[in-house]
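Numbering of ligands and ligand atoms starts at 1, following listing order.
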Amino acid sequence: MQNNRQAIRIWDLPTRLFHWALVACIVGAFVSVKLGGLYMDWHVRFGCTALGLILFRVLWGIIGPRYARFSQFVRGPAAVARYLKGAAAPAGHNPLGALSVLALLLVIGFQATSGLFTTDDIMTQGPLFGHVSEATAALMTSWHKLNEWVIIGLIALHLLAVAWYAAVHRKRMVRAIITGDVDAKDLPAGTPPAQDGLAVWLRALLLGACVTALVLWIQSLEVVADMSFS
Ligand code: HEM
Ligand code: HEM
């Protein structure tokens, strides 16, 4: 009997953990900044964690397993056009979806980086605020605020795309980004599974530790005003 329910591992565990941790950080950064006041400390924590996650994902796109690699899913305009004309989707991100993944990484990466130089002119500032001129900090702060709408737009598009593939193409993509597995019937014949075992997880842990150290170092660069009176 043909096994239609057979599933193939496409998204490795570190990529899935990255995705859901990023979702938590973006939601956390938005909620905390809207609450304001003392919650701004949480905004900085969520924002700096998002920065670490984006750095992790960019490097994971180079040293991660097959379907996480940029070389696997970033395709030129010709491949996008062929896909739009109905060419079969490869395993992993399709050529169009890849564009939205790149846009999300770029725009969220920019948000987290600009946040490092941003100030609310009250008591919260990014750790690199004191290292640039007032004009640069003001520019970064206004870009940080403007970029909010680009992020909201891209996330709305992302969610609409996921809903469209589920409703129209009956693709269980949400299950895939949770469990890592895609139904074999939705993949080209002979699709090899992604590596997703101890060696991959240890590589991700090592990378995660390096990225965490880098973000903690950036945070340590904050210039703390001397409020003592002599
Ligand atoms: C703050 C909200 C979100 C952000 C910033 C976000 C961002 C991303 C990013 C960057 C990727 C690429 C994953 C990678 O290759 O590393 C991705 C993929 C994906 N996301 Fe999200 N996501 C969000 C919310 C959600 C939600 C709520 C769902 C499900 C309901 C979802 C479903 C998916 C799916 C199914 C994929 C895989 C797409 C594919 O197969 O090409 N995302 N998302
Ligand atoms: C990807 C992560 C981030 C997101 C999604 C994000 C989002 C936002 C948004 C939407 C605002 C504007 C709020 C408003 O005007 O209502 C804001 C303001 C702010 N953000 Fe972020 N942010 C992120 C990362 C960071 C980081 C890493 C820092 C600092 C380390 C930071 C520091 C600030 C500060 C100080 C403000 C206040 C600006 C003001 O009120 O003039 N943000 N952020």
Legend entry - Nitrogen or oxygen of N94 less than 3.5 angstrom from that of ligand 1: no

Legend entry - R66 side chain to P193 backbone, donor-acceptor under 3.5 Å: no

Legend entry - M40 side chain near S32 side chain, heavy-atom distance below 4.5 Å: no

Legend entry - Under the ring-ring contact (aromatic ring centres under 6.0 Å, His included) test, residues paired with Y67 that sit two or more places apart: none

Inset, instruction - Mark yes or no for whether T136, through its side chain, and V132, through its backbone, hold a donor-acceptor pair below 3.5 Å. - result: no

Inset, instruction - Give the contacting part of L159 toward ligand 1: side chain, backbone, both or neither, where contact means a heavy-atom distance below 4.0 Å. - result: side chain

Legend entry - W11 vs H19, ring pair (Phe, Tyr, Trp, His ring centres under 6.0 Å): CA-CA, chis, key distance, verdict: CA-CA 10 Å; W11 303 120; H19 179 264; 9.4 Å; no

Legend entry - Side chain, backbone, both or neither: F56 near ligand 1, heavy atoms under 4.0 Å: neither

Between the protein and ligand 2, which nitrogen or oxygen pairs come in under 3.5 Å, and how far apart is each?
{"unit_1": "ligand 2", "atom_1": "16 (O)", "unit_2": "K34", "atom_2": "NZ", "d": "2.9"}
{"unit_1": "ligand 2", "atom_1": "20 (N)", "unit_2": "H43", "atom_2": "NE2", "d": "2.8"}
{"unit_1": "ligand 2", "atom_1": "20 (N)", "unit_2": "H144", "atom_2": "NE2", "d": "2.9"}
{"unit_1": "ligand 2", "atom_1": "22 (N)", "unit_2": "H43", "atom_2": "NE2", "d": "2.9"}
{"unit_1": "ligand 2", "atom_1": "22 (N)", "unit_2": "H144", "atom_2": "NE2", "d": "2.9"}
{"unit_1": "ligand 2", "atom_1": "41 (O)", "unit_2": "T119", "atom_2": "O", "d": "3.4"}
{"unit_1": "ligand 2", "atom_1": "41 (O)", "unit_2": "K145", "atom_2": "NZ", "d": "3.1"}
{"unit_1": "ligand 2", "atom_1": "42 (N)", "unit_2": "H43", "atom_2": "NE2", "d": "2.8"}
{"unit_1": "ligand 2", "atom_1": "42 (N)", "unit_2": "H144", "atom_2": "NE2", "d": "2.9"}
{"unit_1": "ligand 2", "atom_1": "43 (N)", "unit_2": "H43", "atom_2": "NE2", "d": "2.8"}
{"unit_1": "ligand 2", "atom_1": "43 (N)", "unit_2": "H144", "atom_2": "NE2", "d": "2.8"}

Inset, instruction - Answer with side chain, backbone, both or neither: which part of H19 has a heavy atom less than 4.0 angstrom from an atom of ligand 1? - result: side chain

Inset, instruction - Measuring from atom 21 (Fe) of ligand 1, name the closest N, O or S atom belonging to H158. - result: NE2

Inset, instruction - Please confirm whether the backbone N or O of V182 pairs with a side-chain atom of R172, one donor and one acceptor, at under 3.5 Å? - result: no

Sequence neighbours excluded and cut-off under 3.5 Å, please list the side-chain donor-acceptor pairs for residues 146-163, or say none.
{"unit_1": "N147", "atom_1": "ND2", "unit_2": "V107", "atom_2": "O", "d": "3.1"}
{"unit_1": "N147", "atom_1": "ND2", "unit_2": "Q111", "atom_2": "OE1", "d": "3.0"}
{"unit_1": "E148", "atom_1": "OE2", "unit_2": "K34", "atom_2": "NZ", "d": "2.9"}

Extract all donor-acceptor atom pairs below 3.5 Å that involve side chains of residues 50-59 and protein atoms in other chains or at least two apart in sequence.
{"unit_1": "R57", "atom_1": "NH1", "unit_2": "A68", "atom_2": "O", "d": "3.0"}
{"unit_1": "R57", "atom_1": "NH2", "unit_2": "A68", "atom_2": "O", "d": "3.0"}

